[in-house]
Structure formats: structure tokens, C-alpha cells
Amino acid sequence: MKKKTLLAGFALLGALALTATGCASDSDATGDAGAGGDDDGVVTVGFAQTGSESGWRSANTESMKEAFSADNGFELIFNAADNDTAAQIAAVRDFINQGVDAIVIAPIVEDGWDDVLQEAADAGIPVVLEDRTVSASDDLYASWVGLDFEKEGVMAGEWAAETFGDTPTKMVVLEGTTGSAPANDRASGFDEAVKDTAIEKIDSQTGDFTRDGGKTVMEGFLQKYGVDGIDLVYAHNDDMALGAIEAIEAAGAEPGVDIQIVSIDAVKDGMQALVDGKINFIVECNPLLGDLAAGLVLDVLDGKEVEKEVYVEDQTFTQEQAAEVIDSRPY
Ligand code: GYE
């Protein structure tokens, strides 16, 4: 399978934004339906978002709405499924019945997509996936744009391996949504990176990528093992880490000192906690995928050949690095 890594620099995103605008106005100028659009040149896209579970998700939704805007020649039909997999599949079926020009999906979980993707293919409606991946055959969708979740897990694990190494370390894990690609891949990537260390995973439970979920699960861990029985928290996203911070502080301990925390996303609140010393290390997961997704949709509708997988590069932040960049981050 062809793989392509793209840097999510602003220049690149800007260029794609221009491409999207350019295509849309071409259609307008000629009065032609253009890229799969209807008579007025408007491209109707149904977007099935996961929900609104995290700061990452808010930034991603904003990026998608900006890219698929009326100014850029789109009519966006937005659906947020509130993390309900059946509701998300129903939303996609609805888009098919409405006869949209293209469908974009951020799949909540990896499995269960074969039938509805086949239905979209039968109806001749191209599908572009953004953010999370699916286990269905890649013949059933045109392209996917997102992040390398396995690599994110590896980078978080490498930090833990370097920080704790041979020191016996009790770790608890706050997992993302069960069955989601980022929860699966961030777990396996991390486990692989720490396998030769003295880090012991004493417990692991889902906090569903939410702040409340992270807090509740962490409260349970603290009750079970005590503050002294936990050295390290690996949170699959910043929001759960922020919930864990509340639980650790309520238990009378100091997050980032008594219990170290590593998480993934690098959203504003997470970065602030990193600067404040309450989180120890963050691996970025860039949510600004809107322009790339919109560019792919237009290319697919124009009949151009597109990459099956478009990876956006992530970076990592120590507390010192976070302090340097926090004011200039767009999300
Ligand atoms: O890390 C988390 C969100 O799918 C990459 O979903 C995304 C993840 C992100 O809820 O905060």
C-alpha cells in the first residue's frame, strides 16, 4: 500500500485551503457542477464526527467546519454521534439516502464498517476517512488522513523508558474509547517501547477519552493502590490526564511529582498542565485535518488519483519545550 507522510505545516495547510477555494470557484465561474457538485457548483458533504469528547475533538470539528465552509464551495451536513457507534453508522446511511456528493467519517471504532461502506460504494458516493482508521478493506473508501497512533504510543513509551528505565515503576493506564484505533494503537506502541524496562502495568481501564472518565477511573486506581502504589500514569489523551490530575490532587498528592503523567494530544489545557509541571511529557496529535480532508474530497470528486493513506507528522514536548511554544499554538 502506498504511504505518504505530510508535514502539517501552516504553509501546507494554507496551500490546500487555496486548492479547495480554487476548485470551488472554478465551478462557480463556469456554472458547471465541477467536482461532483450540483448545478450551482456547491459540493454537498456529509461529515460523521465521533462526538465532542475532548479538546482535540473540538479543535478537529472547528478545522473541518472551516475547511468545508460555504466560502470554500461546500455545503456541510454535520453529525456528531456522541460516541455512539450505531448512531454514527445511522448518520452515514442517512447521508447516503440524501444523495450527498461525498461522505467524510471520523470512525468511533475500527470494526463494523463493512456494510455501510459497501452501501456508499454501491450508491457511487466516495468516502474519505479522517482521524481514526477502520478494519474494513481499503477498497471501500477513497482515502484516509490522520495521525500515526502507533508511533504516538511508541514516542510516549520511549519517554517513559528513558525516564524510568531500570527503576521499578508501577504504571496505570487510562485508555481511550474501547475498540477505537487510537486506543488500540497507542496501547500497543507504548507496550512495545517499554517491554525491556522495569515499568510494570498494574492496571488499565477505559476513560473514554473524556476528562470525567479519566477522573473517575483514576479515583478508582487511587482507592485500590493508594498514592504510594502508583508511580506513573499513561493517559491516551490529555483530557483523561487532566481528569487524573484532579483525582490525584483530591487524594492529597502532587501530580507530575508524586505521580508522573505522560499523555497524548498537546491541546491547550494539556500544554498548560505540562508548563505547570502537572504533566511530565506530551506527544502531539495534530487535530487540524480539515484542509487536507477537503482537498482529498475535491480531488476524489475530480477523478484524480489520491494517496490511500495521508499521514500528518506529530512532535513531542517536554515541560521546557511546552513553555516555549504554548503561546504560539493554534489549538
Ligand atoms: O487523541 C482524543 C480524541 O481520535 C486522535 O480522539 C483522536 C483522539 C484524540 O477524543 O483526544
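All figures in this text were calculated on a predicted structure; none of them were measured in a lab. Counting starts at 1 for both ligands and their atoms, following the listed order.
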Is it possible for you to check whether Arg93 lies under 6.0 Å from the centre of the six-membered ring of Phe95, through NZ or CZ, and within 45° of that ring's axis? no

Is any NZ, NE, NH1 or NH2 atom of the basic residue among Lys65 and Glu62 found under 4.0 Å from an Asp or Glu carboxylate oxygen of the other? no

Could you tell me whether Glu249 and Lys215 have a side-chain N and a carboxylate O separated by less than 4.0 Å? no

Please list, by chain and number, the protein residues whose heavy atoms come under 4.0 Å of ligand 1. Glu53, Ser54, Trp56, Arg57, Asp131, Arg132, Phe149, Pro182, Arg186, Phe209, Asn237, Asp265, Cys285

For Val194, the rest of its hydrophobic cluster, which grows through side-chain links under 4.5 angstrom: Met155, Trp159, Phe164, Met171, Val173, Phe190, Ile199, Leu232, Tyr234, Val262, Ile264, Phe281, Val283

Of the options Val297, Leu298, Val128, which is the one that meets Val45 in a side-chain contact (heavy atoms from CB on, under 4.5 Å)? Val297

Does the pair Asp239/Arg57 count as a salt bridge with the N-to-O cut at 4.0 Å? no

